[in-house]
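Atoms within a ligand are numbered from 1 in the order they appear, just like the ligands themselves.
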Amino acid sequence: ITQHTTLILMLGMLQPVFFVLILAIILSLWLAHRLAKRIVEPLNTLNLDEPLENENAYEEISPLLTRIEKQHRQINSQLNALKRRQDEFSAVTGNMSEGLILLNEQGKILSINRAAAQLFNADGSCIGQDIMTIERSISMQQLIHTALSGRHDEALMEIKGRQYQINASPIVSDDKVSGVVILAFDITEKALSEQKRREFSANVSHELKTPLHSIMGSAELIENGLIKKEDMPRFIGHIRSEASRLVALIEDIIRLSQLDENGEELTREEVNLLALAKEAKEALHTQAAERNISVEVQGMDISIYSVRRLLYEIIYNLCDNAIKYNRDNGQVNIFVTQDDTETILSVQDTGIGIPEEHQSRVFERFYRVDKSHSKETGGTGLGLSIVKHAALYLGAEIDLQSQVGKGTTIRVHFPK
Ligand code: ADP
């Protein structure tokens, strides 16, 4: 019985003990929560952007804050360096006239500069897209394919009516192709000047061949005794005039190629245009007198700071043409004038004129309106192209007015 009663007694006590226990647990949970909150709160409100500025932080965590601050500074300086490099890259590639595209190993665009974006009609939205979305030609596909397999390749493409050379090179890191660099160069001018050079060489050979054949023909006739004694002077005169045509031609070609080289800066000096025009007139005196053509030099006594030799070339050739393509007893007027912005040299003749449809072409090399007439008068077809070239070098502009049967005026405008 006593055993029973102790058990009951203890069971009876268990209830209040439980009650107190639960109360204690709840109380301690609440207290722990509050305590934790109070400890963590200052940590949560820490300003990690400026770790050293936290005044209500515990002393114990200040080494941590100092480390955070150090890392902050490191990250910032690395970010700045990266940004600087990115800016440099954009500045360099943005101002390049060549198109530049970087692709990753899947052929997706990583970067495209302004020139390339313009060339392929793309905008910023193409970043991350496949290169084929902006250029889907077969040759581009092949270029990328070759480059991605680790070899350099190039191709010529015509885009928007211009000639481009496209180079594709693999970017290799750790023996693996990790991308492709595409460079696009505009080679239109180069291709054009190469074509012009080829045409010029072909023309030169042709122009040289004709008088040489003629000289050879006459010489053979003389050699074989087929020329009567009294005809001899005519044939020899013919040989001489053809030979001097050759000399004139070669001199013109040399002048043109000197102008073509234009690498060296020619020395400039004060040149009196009026005096120079009078010099040219003197030099052409015989030609003018032969056909009773009067040459007048008029205008202001003006000096310009320019290249004497080129100016003389311009005046001499224009005056030479004005005499060559004049009528007998005709007139040539050379004027020198000046206004606020420019100095104008004009050469006016009363000659045969240039038909409208030829006017734009007479400045081309070897272009002649009337081939036989030009040859008769000893023309090489290069005079006006020398004038054009010299004017271009001096920054001058040329305009031409002409009426068939009435005459021609060519003005050269030298900017001040
Ligand atoms: P060329 O040596 O044949 O004179 P140019 O280049 O000086 O060569 O001139 C080209 C062509 O332009 C000439 O063949 C001629 O037909 C024409 N031309 C040039 N100047 C005149 C002019 N003042 N009057 C008429 N035709 C001209």
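- Here is the list of ligand 1 atoms found below 4.0 Å of a heavy atom in Gly381: 1 (P), 2 (O), 3 (O), 6 (O), 8 (O).
- Under the 4.0 Å criterion applied to side-chain N and carboxylate O atoms, Glu207 and Arg365 are not assigned as salt-bridge partners.
- Comparing heavy-atom distances from atom 22 (C) of ligand 1 across Asp349, Thr350, Ile323, Val347 singles out Asp349 as nearest.
- Distances below 4.0 Å separate heavy atoms of Lys324 from the following atoms of ligand 1: 1 (P), 2 (O), 4 (O).
- The shortest distance between side-chain heavy atoms of Val369 and Tyr325 does not fall below 4.5 Å.
- Proximity to Ile354 (heavy-atom distance under 4.0 Å) selects the following atoms of ligand 1: 18 (N), 21 (C), 25 (C), 26 (N), 27 (C).
- Any N or O atom pair closer than 3.5 Å counts here, and Gly379 shares no such pair with ligand 1.
- For ligand 1 and Tyr367, the ligand atoms under 4.0 Å from any heavy atom of the residue are 10 (C), 11 (C).
- If you look at Leu384 next to ligand 1, the close heavy atoms, those under 4.0 Å, come from the backbone and the side chain alike.
- Considering only heavy atoms from C-beta on, Leu192 stays 4.5 Å or farther from Lys196 through its side chain.
- Taking a cut-off of under 4.0 Å to the non-hydrogen atoms of Gly353, the atoms of ligand 1 that pass are 25 (C).
- No side-chain heavy atom of Met300 sits less than 4.5 Å from a side-chain heavy atom of Leu274.
- Taking the side chain as every heavy atom from C-beta outward, Arg151 and Asp153 never approach each other to under 4.5 Å.
- Using a 4.5 Å cut-off on side-chain heavy atoms (C-beta onward), Phe89 and Leu102 make contact.
- Counting heavy atoms under 4.0 Å from ligand 1, residue Ile410 does not touch it at all.
- Within the 4.5 Å cutoff, no side-chain heavy atoms of Arg38 are placed close to those of Glu41.
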